[in-house]
Novice: 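The structure under discussion is supplied below as C-alpha coordinates; questions concerning it will follow.
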Protein chains: 2
Amino acid sequence: MHSCPGSASKSQHQAVRDTLEVISGKWKLVILALLLNRPYRFKELSREIGISPRILSKELQELEQHQLVTRRVCETRPITVEYASSDHGRSLLSVVQAMSDWGYLHHETIVGKKRLDDPSAQIA
Amino acid sequence: MHSCPGSASKSQHQAVRDTLEVISGKWKLVILALLLNRPYRFKELSREIGISPRILSKELQELEQHQLVTRRVCETRPITVEYASSDHGRSLLSVVQAMSDWGYLHHETIVGKKRLDDPSAQIA
DNA sequence: CTGTATCCCGTAAGATACTG
DNA sequence: CAGTATCTTACGGGATACAG
(Lines give C-alpha, C1' and ligand atoms only; values in the text may rest on other atoms or scores of the structure.)
Protein backbone atom coordinates (compact mmCIF):
# COMPACT_ATOMS: atom_id res chain seq x y z
CA MET A 1 0.00 0.00 0.00
CA HIS A 2 3.00 2.29 0.06
CA SER A 3 3.71 3.23 -3.55
CA CYS A 4 5.91 0.65 -5.21
CA PRO A 5 8.62 2.27 -7.31
CA GLY A 6 7.54 2.10 -10.90
CA SER A 7 3.90 1.28 -10.47
CA ALA A 8 3.60 4.74 -8.99
CA SER A 9 0.17 5.80 -7.78
CA LYS A 10 -1.60 7.15 -10.88
CA SER A 11 -1.82 10.62 -9.48
CA GLN A 12 -0.80 10.49 -5.89
CA HIS A 13 0.19 14.08 -6.21
CA GLN A 14 -3.39 14.93 -7.10
CA ALA A 15 -4.54 13.46 -3.81
CA VAL A 16 -1.90 15.48 -2.02
CA ARG A 17 -3.19 18.57 -3.78
CA ASP A 18 -6.73 17.85 -2.69
CA THR A 19 -5.61 17.52 0.90
CA LEU A 20 -3.52 20.66 0.72
CA GLU A 21 -6.53 22.56 -0.50
CA VAL A 22 -8.56 21.53 2.52
CA ILE A 23 -5.89 22.25 5.10
CA SER A 24 -4.41 25.27 3.37
CA GLY A 25 -3.00 28.15 5.32
CA LYS A 26 -0.89 28.52 8.42
CA TRP A 27 -3.53 27.70 10.95
CA LYS A 28 -5.99 24.93 10.13
CA LEU A 29 -3.72 22.06 11.04
CA VAL A 30 -2.47 23.86 14.11
CA ILE A 31 -6.02 24.36 15.32
CA LEU A 32 -6.92 20.81 14.53
CA ALA A 33 -3.86 19.52 16.35
CA LEU A 34 -5.21 21.13 19.50
CA LEU A 35 -8.77 19.99 18.99
CA LEU A 36 -7.58 16.44 18.55
CA ASN A 37 -6.54 16.49 22.18
CA ARG A 38 -9.66 18.04 23.63
CA PRO A 39 -12.38 20.59 22.86
CA TYR A 40 -11.48 24.26 23.09
CA ARG A 41 -13.41 27.46 23.42
CA PHE A 42 -12.90 30.30 20.98
CA LYS A 43 -10.84 32.48 23.24
CA GLU A 44 -8.84 29.52 24.45
CA LEU A 45 -7.74 28.79 20.92
CA SER A 46 -7.05 32.43 20.29
CA ARG A 47 -4.75 32.73 23.26
CA GLU A 48 -3.12 29.35 22.90
CA ILE A 49 -1.90 29.89 19.38
CA GLY A 50 -1.77 33.66 19.31
CA ILE A 51 -4.13 34.37 16.48
CA SER A 52 -6.46 37.30 15.99
CA PRO A 53 -10.19 36.68 16.28
CA ARG A 54 -10.83 37.58 12.68
CA ILE A 55 -8.50 34.94 11.33
CA LEU A 56 -9.48 32.34 13.87
CA SER A 57 -13.13 32.80 13.06
CA LYS A 58 -12.46 32.42 9.37
CA GLU A 59 -10.33 29.31 9.83
CA LEU A 60 -12.89 27.67 12.08
CA GLN A 61 -15.65 28.34 9.58
CA GLU A 62 -13.65 26.72 6.85
CA LEU A 63 -12.87 23.75 9.07
CA GLU A 64 -16.58 23.50 9.80
CA GLN A 65 -17.51 23.62 6.14
CA HIS A 66 -15.15 20.76 5.51
CA GLN A 67 -16.81 18.98 8.41
CA LEU A 68 -13.56 18.61 10.28
CA VAL A 69 -14.70 20.35 13.45
CA THR A 70 -18.01 20.83 15.22
CA ARG A 71 -19.30 24.00 16.83
CA ARG A 72 -21.46 23.84 19.90
CA VAL A 73 -22.99 26.84 21.60
CA CYS A 74 -23.13 26.54 25.37
CA GLU A 75 -26.01 28.39 27.00
CA THR A 76 -23.81 29.64 29.81
CA ARG A 77 -23.93 33.14 31.26
CA PRO A 78 -21.93 35.03 28.74
CA ILE A 79 -22.43 32.57 25.95
CA THR A 80 -19.45 30.39 25.21
CA VAL A 81 -18.78 28.24 22.19
CA GLU A 82 -16.99 24.97 22.18
CA TYR A 83 -15.16 23.65 19.18
CA ALA A 84 -14.26 20.01 18.87
CA SER A 85 -12.87 17.67 16.29
CA SER A 86 -15.40 15.64 14.35
CA ASP A 87 -14.92 12.02 13.37
CA HIS A 88 -13.81 13.12 9.99
CA GLY A 89 -11.43 15.55 11.63
CA ARG A 90 -9.96 12.70 13.62
CA SER A 91 -9.20 10.95 10.36
CA LEU A 92 -6.54 13.62 9.92
CA LEU A 93 -4.78 12.41 13.04
CA SER A 94 -2.22 10.47 11.03
CA VAL A 95 -1.38 13.61 9.07
CA VAL A 96 -1.10 15.76 12.16
CA GLN A 97 0.90 13.10 13.93
CA ALA A 98 3.27 12.70 11.01
CA MET A 99 3.75 16.42 10.80
CA SER A 100 4.41 17.00 14.46
CA ASP A 101 6.80 14.06 14.55
CA TRP A 102 8.61 15.48 11.58
CA GLY A 103 8.70 18.92 13.13
CA TYR A 104 10.77 17.60 15.99
CA LEU A 105 12.95 15.51 13.72
CA HIS A 106 13.64 18.38 11.37
CA HIS A 107 14.60 20.57 14.26
CA GLU A 108 17.22 18.11 15.47
CA THR A 109 18.41 16.97 12.07
CA ILE A 110 18.92 20.39 10.55
CA VAL A 111 19.36 22.75 13.45
CA GLY A 112 21.51 20.22 15.21
CA LYS A 113 23.72 19.52 12.20
CA LYS A 114 24.23 23.20 11.42
CA ARG A 115 26.32 23.57 14.54
CA LEU A 116 28.80 21.01 13.25
CA ASP A 117 29.30 21.83 9.61
CA ASP A 118 28.07 25.33 8.95
CA PRO A 119 31.15 27.57 8.89
CA SER A 120 29.13 30.73 9.42
CA ALA A 121 27.93 29.31 12.69
CA GLN A 122 31.31 29.37 14.39
CA ILE A 123 33.11 32.55 13.33
CA ALA A 124 33.13 33.97 16.79
CA MET B 1 3.98 7.58 21.34
CA HIS B 2 0.70 8.90 20.05
CA SER B 3 -0.34 11.72 22.36
CA CYS B 4 -2.27 10.38 25.32
CA PRO B 5 -5.34 12.48 26.02
CA GLY B 6 -4.60 14.72 28.93
CA SER B 7 -0.85 14.40 29.01
CA ALA B 8 -0.94 16.25 25.70
CA SER B 9 2.41 16.86 24.04
CA LYS B 10 3.63 20.12 25.56
CA SER B 11 3.40 22.02 22.31
CA GLN B 12 2.67 19.55 19.61
CA HIS B 13 1.08 22.38 17.73
CA GLN B 14 4.42 24.17 17.73
CA ALA B 15 6.00 21.21 15.96
CA VAL B 16 3.18 21.27 13.45
CA ARG B 17 3.84 24.95 12.90
CA ASP B 18 7.51 24.30 12.28
CA THR B 19 6.67 21.68 9.71
CA LEU B 20 4.11 23.88 8.03
CA GLU B 21 6.71 26.59 7.69
CA VAL B 22 9.04 24.27 5.81
CA ILE B 23 6.43 22.86 3.47
CA SER B 24 4.43 26.04 3.08
CA GLY B 25 2.69 26.85 -0.14
CA LYS B 26 0.68 24.90 -2.64
CA TRP B 27 3.52 23.13 -4.34
CA LYS B 28 6.35 21.86 -2.16
CA LEU B 29 4.63 18.71 -1.00
CA VAL B 30 3.26 18.04 -4.45
CA ILE B 31 6.73 18.26 -5.92
CA LEU B 32 8.16 16.12 -3.18
CA ALA B 33 5.45 13.52 -3.64
CA LEU B 34 6.66 13.07 -7.20
CA LEU B 35 10.34 13.05 -6.32
CA LEU B 36 9.72 10.38 -3.72
CA ASN B 37 8.86 8.03 -6.56
CA ARG B 38 11.77 8.83 -8.84
CA PRO B 39 13.97 11.73 -9.97
CA TYR B 40 12.50 14.30 -12.34
CA ARG B 41 13.90 16.87 -14.66
CA PHE B 42 12.83 20.49 -14.43
CA LYS B 43 10.55 20.47 -17.42
CA GLU B 44 9.11 17.13 -16.46
CA LEU B 45 7.98 18.54 -13.15
CA SER B 46 6.69 21.64 -14.81
CA ARG B 47 4.50 19.71 -17.20
CA GLU B 48 3.43 17.05 -14.76
CA ILE B 49 1.96 19.43 -12.23
CA GLY B 50 1.22 22.38 -14.48
CA ILE B 51 3.28 25.04 -12.81
CA SER B 52 5.08 27.97 -14.36
CA PRO B 53 8.88 27.88 -14.46
CA ARG B 54 9.23 30.84 -12.20
CA ILE B 55 7.27 29.28 -9.38
CA LEU B 56 8.78 25.87 -9.86
CA SER B 57 12.27 27.29 -9.72
CA LYS B 58 11.52 29.14 -6.52
CA GLU B 59 9.93 26.13 -4.87
CA LEU B 60 12.82 23.88 -5.81
CA GLN B 61 15.31 26.34 -4.42
CA GLU B 62 13.47 26.46 -1.14
CA LEU B 63 13.29 22.68 -1.03
CA GLU B 64 17.02 22.60 -1.68
CA GLN B 65 17.73 25.08 1.08
CA HIS B 66 15.84 22.89 3.47
CA GLN B 67 17.90 19.97 2.17
CA LEU B 68 14.85 18.06 1.10
CA VAL B 69 15.85 17.64 -2.54
CA THR B 70 19.11 17.47 -4.43
CA ARG B 71 19.95 19.14 -7.70
CA ARG B 72 22.24 17.46 -10.18
CA VAL B 73 23.34 18.99 -13.46
CA CYS B 74 23.70 16.46 -16.25
CA GLU B 75 26.33 17.32 -18.85
CA THR B 76 24.08 16.23 -21.70
CA ARG B 77 23.69 18.06 -24.99
CA PRO B 78 21.30 20.74 -24.06
CA ILE B 79 22.08 20.61 -20.37
CA THR B 80 19.45 18.92 -18.25
CA VAL B 81 19.01 19.03 -14.53
CA GLU B 82 17.77 16.23 -12.39
CA TYR B 83 16.05 16.77 -9.10
CA ALA B 84 15.73 14.00 -6.58
CA SER B 85 14.62 13.55 -3.01
CA SER B 86 17.36 13.55 -0.40
CA ASP B 87 17.42 11.26 2.60
CA HIS B 88 15.99 14.02 4.68
CA GLY B 89 13.32 14.52 2.05
CA ARG B 90 12.43 10.86 2.31
CA SER B 91 11.81 11.39 6.00
CA LEU B 92 8.73 13.29 4.87
CA LEU B 93 7.37 10.15 3.26
CA SER B 94 5.04 9.48 6.17
CA VAL B 95 3.61 12.96 5.86
CA VAL B 96 3.15 12.70 2.12
CA GLN B 97 1.71 9.23 2.46
CA ALA B 98 -0.72 10.31 5.14
CA MET B 99 -1.81 13.26 3.06
CA SER B 100 -2.34 11.35 -0.15
CA ASP B 101 -4.21 8.62 1.70
CA TRP B 102 -6.40 11.24 3.29
CA GLY B 103 -6.94 12.95 -0.02
CA TYR B 104 -8.62 9.85 -1.37
CA LEU B 105 -10.55 9.27 1.82
CA HIS B 106 -11.83 12.81 1.96
CA HIS B 107 -12.95 12.60 -1.61
CA GLU B 108 -15.08 9.54 -0.93
CA THR B 109 -16.27 10.56 2.51
CA ILE B 110 -17.35 14.07 1.66
CA VAL B 111 -17.93 14.13 -2.05
CA GLY B 112 -19.61 10.75 -1.85
CA LYS B 113 -21.86 11.74 1.04
CA LYS B 114 -22.85 15.03 -0.53
CA ARG B 115 -24.79 13.18 -3.19
CA LEU B 116 -27.02 11.71 -0.53
CA ASP B 117 -27.74 14.50 1.89
CA ASP B 118 -26.90 17.81 0.27
CA PRO B 119 -30.19 19.24 -1.04
CA SER B 120 -28.44 21.70 -3.35
CA ALA B 121 -26.83 18.76 -5.09
CA GLN B 122 -30.04 17.36 -6.49
CA ILE B 123 -32.16 20.29 -7.57
CA ALA B 124 -32.02 19.39 -11.21
C1' DC C 1 -17.06 35.95 25.43
C1' DT C 2 -17.87 35.37 20.52
C1' DG C 3 -17.57 37.04 16.84
C1' DT C 4 -17.87 40.79 12.64
C1' DA C 5 -16.38 45.13 10.10
C1' DT C 6 -12.57 47.91 8.26
C1' DC C 7 -8.34 48.97 6.93
C1' DC C 8 -3.75 47.64 5.44
C1' DC C 9 0.17 45.16 3.76
C1' DG C 10 3.31 41.63 2.21
C1' DT C 11 3.80 38.03 -0.53
C1' DA C 12 2.40 33.77 -2.91
C1' DA C 13 1.50 32.73 -7.36
C1' DG C 14 0.35 33.29 -12.30
C1' DA C 15 1.47 35.11 -17.32
C1' DT C 16 4.76 36.21 -20.47
C1' DA C 17 8.98 37.09 -22.56
C1' DC C 18 13.61 36.54 -22.62
C1' DT C 19 18.73 34.62 -21.78
C1' DG C 20 22.46 31.02 -21.39
C1' DC D 1 16.19 22.62 -21.74
C1' DA D 2 16.77 25.30 -17.49
C1' DG D 3 15.99 29.12 -15.51
C1' DT D 4 15.57 34.47 -14.69
C1' DA D 5 13.34 39.17 -15.20
C1' DT D 6 9.24 41.93 -15.01
C1' DC D 7 4.84 42.95 -14.24
C1' DT D 8 0.37 42.22 -12.05
C1' DT D 9 -3.10 40.46 -9.29
C1' DA D 10 -5.41 38.02 -5.58
C1' DC D 11 -5.49 36.64 -1.30
C1' DG D 12 -3.74 35.33 3.23
C1' DG D 13 -3.10 37.25 7.32
C1' DG D 14 -2.46 40.90 11.00
C1' DA D 15 -4.28 45.14 13.99
C1' DT D 16 -7.87 47.40 15.82
C1' DA D 17 -12.33 48.71 16.94
C1' DC D 18 -16.77 47.54 17.53
C1' DA D 19 -21.38 44.68 18.15
C1' DG D 20 -24.43 41.02 20.07
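Remember, predicted model here, so these are calculated numbers, not experimental data.
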Novice: Using a cut-off of strictly less than 4.0 Å, decide whether B:Lys43 has a side-chain nitrogen or oxygen near OP1 or OP2 of D:dA2.
Specialist: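 So the side chain of B:Lys43 is outside the cut-off, no N or O lying under 4.0 Å from OP1 or OP2 of D:dA2.
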Novice: Compare side-chain N and O positions of B:Tyr40 against OP1 and OP2 of D:dA2 and report whether any pair is under 4.0 Å apart.
Specialist: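 Looking at the OP1 and OP2 atoms of D:dA2, neither is under 4.0 Å from any side-chain N or O of B:Tyr40.
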Novice: Between C:dA12 atom P and B:Leu20 atom CG, what is the distance in whole Å?
Specialist: 15 Å
Novice: Would you say B:Lys26 places a side-chain N or O within less than 4.0 Å of OP1 or OP2 belonging to C:dG14?
Specialist: yes
Novice: Between C1' on C:dG20 and CD on B:Glu75, what's the gap in Å once rounded to a whole number?
Specialist: 13 Å
Novice: Can you see which heavy atom on A:Leu35 is nearest to which on A:Tyr83, and at what distance?
Specialist: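 Scanning both residues completely, I find the closest heavy atoms to be CD2-O, 3.4 Å.
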Novice: Just N and O in the side chain of A:Tyr83: are any of them under 4.0 Å from OP1 or OP2 of C:dG3?
Specialist: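 Yes, within the criterion.
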Novice: Where the side chain of B:Ile55 is concerned, which of C:dA13, D:dG13, D:dA2 is the nearest nucleotide?
Specialist: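 Side chain of B:Ile55 sits closest to C:dA13.
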Novice: Do B:Lys28 and B:Glu59 sit within salt-bridge range, that is, some charged N less than 4.0 Å from a carboxylate O?
Specialist: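 Yes, B:Lys28 and B:Glu59 are salt-bridged.
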Novice: Could you tell me whether A:Glu62 contacts a base, only the sugar-phosphate backbone, or nothing, with contacts defined as non-hydrogen atoms closer than 4.0 Å?
Specialist: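 Nothing: the residue A:Glu62, judged by heavy atoms under 4.0 Å, touches no strand.
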Novice: Mind listing the closest non-hydrogen atom pair of A:Ser85 and A:Leu36 along with its distance?
Specialist: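 The pair with the smallest heavy-atom distance is OG-CD2, 3.6 Å.
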Novice: Using the side-chain hydrogen bond (donor to acceptor under 3.5 Å, both in side chains) rule, take A:Ser86 and A:Gln67 through it: C-alpha gap first, then chi angles, then the decisive distance, then the call.
Specialist: CA-CA 7 Å; A:Ser86 67; A:Gln67 310 181 29; over 6 Å; no
Novice: Before giving the answer on side-chain hydrogen bond (donor to acceptor under 3.5 Å, both in side chains), spell out for A:Ser94 and B:Trp102 the whole-Å C-alpha distance, their side-chain angles and the decisive distance to 0.1 Å.
Specialist: CA-CA 9 Å; A:Ser94 48; B:Trp102 194 86; over 6 Å; no
Novice: Nearest nucleotide by nearest heavy atom, which residue falls closer to the 5' end of DNA chain C, B:Ile51 or A:Arg71?
Specialist: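 The 5'-side residue here is A:Arg71.
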Novice: Is there a side-chain contact between A:Gln61 and the phosphate of C:dG3, meaning an N or O under 4.0 Å from OP1 or OP2?
Specialist: no
Novice: Atom CD of A:Glu59 to atom C1' of C:dG3: distance rounded to whole Å?
Specialist: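 Going from A:Glu59 (CD) to C:dG3 (C1'), I get 15 Å.
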Novice: Is any side-chain nitrogen or oxygen of B:Arg41 closer than 4.0 Å to OP1 or OP2 of D:dA2?
Specialist: yes
Novice: What is the distance from NZ of B:Lys58 to P of D:dT6, rounded to the nearest Å?
Specialist: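 It works out to 17 Å between those atoms.
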Novice: Go through the N and O atoms of the side chain of B:Arg54 and the base of C:dA13, and report whether any donor-acceptor pair is under 3.5 Å.
Specialist: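 Between C:dA13 and B:Arg54, which were checked side chain against base, a qualifying N/O pair under 3.5 Å is present.
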Novice: Send over the distance from B:Ile31 CD1 to C:dA12 P, rounded to a whole Å.
Specialist: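 From B:Ile31 CD1 to C:dA12 P: 14 Å.
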Novice: Closest approach to the side chain of A:Pro53, judged atom by atom: which nucleotide of C:dT4, D:dG13, D:dT4 is it?
Specialist: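 From the listed options, C:dT4 comes nearest.
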Novice: Between C1' on C:dT2 and CD on A:Glu82, what's the gap in Å once rounded to a whole number?
Specialist: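 Roughly 14 Å, once rounded to whole Å.
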Novice: Indicate yes or no: at least one non-hydrogen side-chain atom of A:Arg41 is less than 4.5 angstrom from one of A:Val81.
Specialist: no
Novice: By the 4.0 Å heavy-atom rule, please label A:Arg47 as base, sugar-phosphate, or nothing.
Specialist: nothing
Novice: Tell me whether the side-chain N/O atoms of B:Ser52 come closer than 4.0 Å to OP1 or OP2 in C:dA15.
Specialist: no
Novice: From CZ of B:Arg77 over to C1' of D:dA2, roughly how many Å is that when rounded to an integer?
Specialist: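 Distance, rounded to whole Å: 15 Å.
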Novice: Rounded to whole angstroms, how far apart are CG on B:Leu60 and C1' on D:dA2?
Specialist: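 Rounded to the whole Å, the gap is 11 Å.
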